[in-house]
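These numbers come from a predicted model, not from an experiment.
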Amino acid sequence: MTAVDVHVHVIVPELLREAGRPPDWRPSSALHEFVDVDRILAAEEQAGIDRVVLCPWVGLLFYEAEPEEGLRRCRLQNHALAGLRSSRPDRVSVLGAVPLQDPALAGAELSDLMAGGEFAGVEVAASVRGTYLGDPRFEPFWEAAERAGALVFVHPTTQGFADPVFGEYYLHNLVGNPMETTVTAAHMVLAGVMERHRDLKVLLAHGGGAILALRGRLCRGHEAVGSAGAALSEPPGVSIGRFLFDTVTHDPSLLRVLVEAVGADRVLLGSDYPFDMGDPDPVQTVRAAGLADAAQAAVLAGNAERLLGVA
């Protein structure tokens, strides 16, 4: 393979039928096909993508539901995603959904999904009912994810901040989305999640937001402020380097900085298809970053092939 896109959203028709939505329904921010997987694959192929990792639209993770109802909806979605995977095993990998409003239930469901062999992991939102992912209540989920070897893709909720300014100039997306990822990544780091679970495979959307730019500040706080250093033994920069990052930075020079900072083996090609803030030409973004040939090949496909167990 020459390119694997690890950040592609899909709405499975089964959910639309249950919700009484028309087959072509999609959020207003989605510019391209969202439901028909053949058309999604055709669009990705036109962009030079050989394989996609399909994940739910984050609005369909159902954290607002009671846990058992959330589990039912997740299973409906996961069954359909597994069908997409099995029908196109050479082109499609999938990330499922779990009811993270009940972390123990989510961990059990993740274990079952991974045992079936059809899922690469799951997508989770940056927060669950306002609680970010470093909170101790999520430990059963992180334990299960590490044990199963699952890829956990952390994506912003898109509605993380209620300040009225985020309603202006599209700031809820332009700034709010990457800041949600930043907050939850920093929370996980300082809470010691990445230190305790060193085999976790946590992929941060949108280049990790601003977490890299704040690395020095987090390190200083860890050294100088008691409350910032209470739960973490290693320097925050070490924990930050345990994350995986997608390439959705919209700036080849920033992408190069990211690769140089965390290593080419920690960065994976992503597009955020089909949204307006997706990268319309992610392969070219990587090529324009001026990476060494081996690093470029790793980012475009090699890292994803290794993590997904495909080639």
Side-chain angles (χ1 to χ4, degrees), residues 1-9 40-41 43-55 90-95 120-123 149-156 177-178 181-182 185 194 198-215 237-275 277-311:
M1 296 181 194
T2 59
V4 179
D5 187 347
V6 300
H7 188 166
V8 180
H9 295 284
I40 293 172
L41 291 174
E44 288 281 290
E45 184 175 11
Q46 190 171 10
I49 307 295
D50 302 297
R51 188 180 191 93
V52 300
V53 181
L54 297 177
C55 64
D90 59 327
R91 302 272 321 269
V92 171
S93 295
V94 290
L95 298 175
V122 294
E123 179 188 38
L151 179 64
V152 180
F153 179 37
V154 176
H155 194 284
N177 278 7
T181 303
T182 304
M194 302 305 291
R198 299 189 180 192
D199 292 326
L200 269 179
K201 296 185 288 188
V202 178
L203 173 64
L204 300 177
H206 311 133
I211 190 66
L212 186 61
L214 293 173
R215 179 177 57 181
V238 175
S239 279
I240 291 171
R242 300 187 193 282
F243 287 114
L244 300 162
F245 302 80
D246 75 12
T247 61
V248 187
T249 60
H250 303 288
D251 185 330
S253 64
L254 288 179
L255 177 59
R256 181 181 178 88
V257 169
L258 175 63
V259 171
E260 290 175 345
V262 302
D265 62 328
R266 311 301 296 177
V267 182
L268 292 84
L269 181 73
S271 69
D272 203 1
Y273 175 98
F275 289 105
M277 283 304 298
D279 187 336
D281 195 351
V283 173
Q284 180 55 31
T285 296
V286 174
R287 290 176 176 163
L291 306 176
D293 289 347
Q296 178 175 286
V299 172
L300 287 174
N303 295 334
E305 289 175 341
R306 170 172 48 83
L307 288 166
L308 301 173
V310 299

- [ ] Report yes if some heavy atom in the side chain of V92 is under 4.5 Å from a heavy atom in the side chain of L41; otherwise report no.
- [x] yes
- [ ] Please tell me if the side chains of I49 and L269 come closer than 4.5 Å, counting only heavy atoms from C-beta onward.
- [x] yes
Open item on the list: Counting neighbours of CG on D293 that are heavy atoms of other residues, nucleotides or ligands and sit closer than 6.0 Å, is the number greater than 12?
Closed with: no
- [ ] Tell me yes or no: between the side chains of D272 and H9, is some donor less than 3.5 Å from an acceptor?
- [x] yes
Open item on the list: With heavy-atom distances below 4.5 Å as the criterion, would you say the side chains of R242 and V238 are in contact?
Closed with: yes
Open item on the list: To the closest 0.5 Å, what do you measure between NE2 (H250) and CE (M277)?
Closed with: 4.0 Å
- [ ] Kindly give the heavy-atom pair with the smallest separation between T181 and P156, and that separation in Å.
- [x] OG1-CD, 3.5 Å
Open item on the list: Side chains of T285 and T247, heavy atoms from C-beta outward: is any pair under 4.5 Å?
Closed with: no
Task: Flag side-chain contact, heavy atom, 4.5 Å: R256 against L291 - done: yes
Task: Minimum-distance pair of heavy atoms, taken over all atoms of L308 and S93 - done: CD1-OG, 4.0 Å
- [ ] Evaluate the criterion side-chain contact (heavy atoms from CB on, under 4.5 Å) for residue pair R51 and E305; output intermediate values, then yes/no.
- [x] CA-CA 10 Å; R51 188 180 191 93; E305 289 175 341; over 6 Å; no
Task: Flag, side chain of S239 to backbone of M194, donor-acceptor distance under 3.5 Å - done: no
Open item on the list: Test your reading of the model: is there a side-chain donor-acceptor pair from R266 to the backbone of F245, 3.5 Å cut-off?
Closed with: no
TODO: Could you tell me whether the side chain of D50 and the main chain of T2 form a donor-acceptor pair under 3.5 Å?
DONE: yes
TODO: Verify whether one side chain among S253 and D251 offers a donor that lies under 3.5 Å from an acceptor in the other.
DONE: yes
Open item on the list: Could you check whether any side-chain heavy atom of V4 comes within less than 4.5 Å of a side-chain heavy atom of L268, counting everything from C-beta outward?
Closed with: no
- [ ] Identify the residue among L255, L244, L203 that makes a side chain to side chain contact (heavy atoms under 4.5 Å, CB included) with V267.
- [x] L255
Open item on the list: I need the L258 CG to I211 CD1 distance, nearest 0.5 Å.
Closed with: 11.5 Å
Open item on the list: Angle between ring planes, H206 versus H155, binned at 30° and 60°: parallel, tilted or perpendicular?
Closed with: perpendicular
Open item on the list: Any side-chain to backbone donor/acceptor pair from R306 onto D265? Under 3.5 Å, distance only.
Closed with: yes
Task: Heavy-atom pair with the smallest gap, counting every atom of C55 and E123 - done: SG-OE2, 3.7 Å
Open item on the list: If you compare all heavy atoms of A3 against all heavy atoms of G48, which two are closest, and at what distance to 0.1 Å?
Closed with: CB-O, 3.3 Å
TODO: Check the pair L212 / L254 against side-chain contact (heavy atoms from CB on, under 4.5 Å), numbers first and verdict last.
DONE: CA-CA 10 Å; L212 186 61; L254 288 179; over 6 Å; no
TODO: Name all residues meeting the side-chain contact (heavy atoms from CB on, under 4.5 Å) criterion together with S271; count only those two or more places apart in sequence or in a different chain, and write none if there are none.
DONE: D5, V8, E44, Y273, P282
- [ ] Compare every heavy atom of H7 with every heavy atom of G270, then report the nearest pair and how far apart it is.
- [x] CA-CB, 4.0 Å
Open item on the list: If I compare all heavy atoms of A304 with all of V6, which pair ends up nearest, and what's the gap?
Closed with: CB-CG1, 4.0 Å
